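Because the structure is predicted, anything quoted here is derived from the model rather than measured. Numbers restart at 1 for each chain; the letters A, B, ... are given by sequence-line order, proteins then strands.
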Amino acid sequence: HITEDTSDLLQHVKFQSSNFENILTWDGRPESAPDTVYSVQYKTYGEEEWLEKEGCQRITQKSCNLTMETSNLTELYYARVTATDGAGRSATKMTNRFSSLQHTSIKPPDVTCIPKVRSIQMIVHPTYTPIRAQNGHQLTLENIFQDLLYHLKLRINHTYQMHLEGKQREFEFVGLTPDTEFLGTIMICIPNLFKESAPYRCRVKTLPDRTWT
Amino acid sequence: QEFQFGPCRVEGVVLQKLWQAFWAMKDIVQAQDNIMSVRLLRKEVLQNVSETESCHLIRALLRFYVNTVFKNYHDKAVEFGILKPFSTLANNFFVLVSKLQASQEKMFSTRKSARRRFLLFYQAFKQLDREAAVTKAFGEMDILLSWMEKFYQL
C-alpha cells in the first residue's frame, strides 16, 4: 500500500502574535487548486481534547484568528490545520507549543508630542490588549509586563541626541531652541523577555519665542 | 538584579540569560514531547503561592531539576547539539539551589503546603515513562521561568 505524500498541501503552520492578537497562519501549495479547504483545531497544553475553531472550518483563506481561544496568559497552546484538496487528499500539520507571553511582538506605542517654546512634552497613551482580567477589565501592556518601560530619544542635530527612559507615561525634553524642528522616537521595552517595539516617530517644531517682540 | 522568594534572596543570576538559553532550544526540546495532554507544572502547583511558601517550593523544584532533569537530559542535549544553552541553564540552576540552600534554614512555617505542591508535580512526573517525563519537564522550563519572573527585581 503506497501512502501518497501530501505534505506539499500544507506548510509553515504557525502563530503570528502582535500585542496579544494571535493569528494562526499557514501556506498551501504555491499553485494550490482553489478547491483546497482548511480546517483549524486548537488545544490547551495539558488537556485532552482538540477543539474545533468555529468559523475556521473548511475555509479557503490561509489564516484564522485564535485570539480569544488563546487568551489565558498562564496557559500554553497548540493549533493544527487540516488541508483537503478537491481530489480528497489531505494533510494535517501542527504549530510548536505557543505561549503568547513569550511570542507576542509589541507594536509601537501611541504618543502625543506637544511642542512648547523651549521644550517638547511627550505623552504615551496606554496600549490596551485583547486580554481581560477576571473582572472583565481589558488589560494594558503595562498591566501584563511588570518590567515594561518607555525609551525616548530626541534628535537635536546630526551628532547629538537626548535620551529619556522610565515607567511613567509623561516625559518632557527641556532646554531646546525655540522655532526649531526635532525628531522624536519612542519605543516600548520589556527587558526580561527581550521585547522592544518598533519606534513611534513624531517630527515636531518648538514654538517661536515671542517674549521680546 | 535579584530573585526574592519571600525571605530568600538570590543575587548573581540574570533572568534574561536563562530565557535566552531556553529559547535557543525551546522548539527542539518541546517538539520531542508528544504527550500534549499532560502538563507537569500545572496551575495547582504554581498558582497563588504565598511569598513565604515560594522559597520552599522553588528550592524543591530547582533541586529536582538539577538532580534529576538536567542529569538525565545531558546526553540528549549533546545529541541535539544544544549543550551550550543546556549548560547555561544547568549552571545557573545549580547556583540558585546552592544560594537558596544557605538562606533556607530560617524558615519552617509553610514547608508543608509547598511540599504538597511539589508532590503534585512529582507524582505527575512519576506516572510517565522516565525518558518522556524528563523530556517533558525540560520542555516546561518556560513555565517555571515565567513563574520565577514574578519574584525577580531589576
Chemist: Hey, which of A/Leu139, A/Thr67, A/Thr70 is the one that makes side-chain contact (heavy atoms from CB on, under 4.5 Å) with A/Pro130?
Modeler: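 So the option named by the test is A/Thr67.
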Chemist: So which residue, A/Met94, A/Lys43, A/Gln146, ends up with the most heavy-atom pairs under 4.5 Å with chain B?
Modeler: A/Lys43
Chemist: Output the option from A/Leu76, A/Thr44, A/Leu73, A/Leu193 having the highest count of non-hydrogen pairs under 4.5 Å with chain B.
Modeler: A/Leu193
Chemist: Measuring from B/Leu100:CG to B/Arg59:CZ, what's the distance to the nearest 0.5 Å?
Modeler: 7.5 Å
Chemist: Report which part of A/Asn192 has an atom under 4.5 Å of a heavy atom belonging to chain B: side chain, backbone, both, or neither.
Modeler: both
Chemist: Against chain A, label B/Ile35 side chain, backbone, both or neither, depending on which of its atoms sit under 4.5 Å from a heavy atom there.
Modeler: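 Contact with chain A: backbone only.
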Chemist: Has the side chain of A/Lys195 got a donor or acceptor atom that lies under 3.5 Å from a matching backbone atom of A/Gln102?
Modeler: yes
Chemist: Against chain A, label B/Gln47 side chain, backbone, both or neither, depending on which of its atoms sit under 4.5 Å from a heavy atom there.
Modeler: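 Side chain only.
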Chemist: Heavy-atom distances under 4.5 Å only: say whether B/Trp147 touches chain A with side chain, backbone, both or neither.
Modeler: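 For B/Trp147, neither part sits under 4.5 Å from chain A.
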Chemist: With distance as the sole criterion, is a donor-acceptor pair present between the side chains of B/Thr135 and B/Gln32 under 3.5 Å?
Modeler: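 On atom types as modelled, these side chains do not qualify, holding no pair under 3.5 Å.
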Chemist: Measure A/Glu75 against the heavy atoms of chain B and call it side chain, backbone, both or neither at under 4.5 Å.
Modeler: both
Chemist: Under a 4.5 Å heavy-atom cut-off, does chain B meet the side chain of A/Tyr45, its backbone, both or neither?
Modeler: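 Both parts, backbone and side chain.
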Chemist: Can you confirm whether more than 12 heavy atoms, excluding those of B/Lys17, are under 6.0 Å from its NZ atom?
Modeler: no
Chemist: Are any non-hydrogen side-chain atoms of B/Glu140 and B/Arg39 less than 4.5 angstrom apart?
Modeler: yes
Chemist: Quick one: which of B/Gln153, B/Lys43, B/Met36 has the most heavy-atom pairs under 4.5 Å with chain A, could you say?
Modeler: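 Max contact count across the listed options: B/Met36.
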Chemist: Do A/Thr112 and A/His125 meet the criterion of a side-chain donor-acceptor pair at a distance under 3.5 Å?
Modeler: yes
Chemist: Heavy-atom cut-off 4.5 Å, strictly under: side chain, backbone, both or neither for B/Lys26 against chain A?
Modeler: side chain
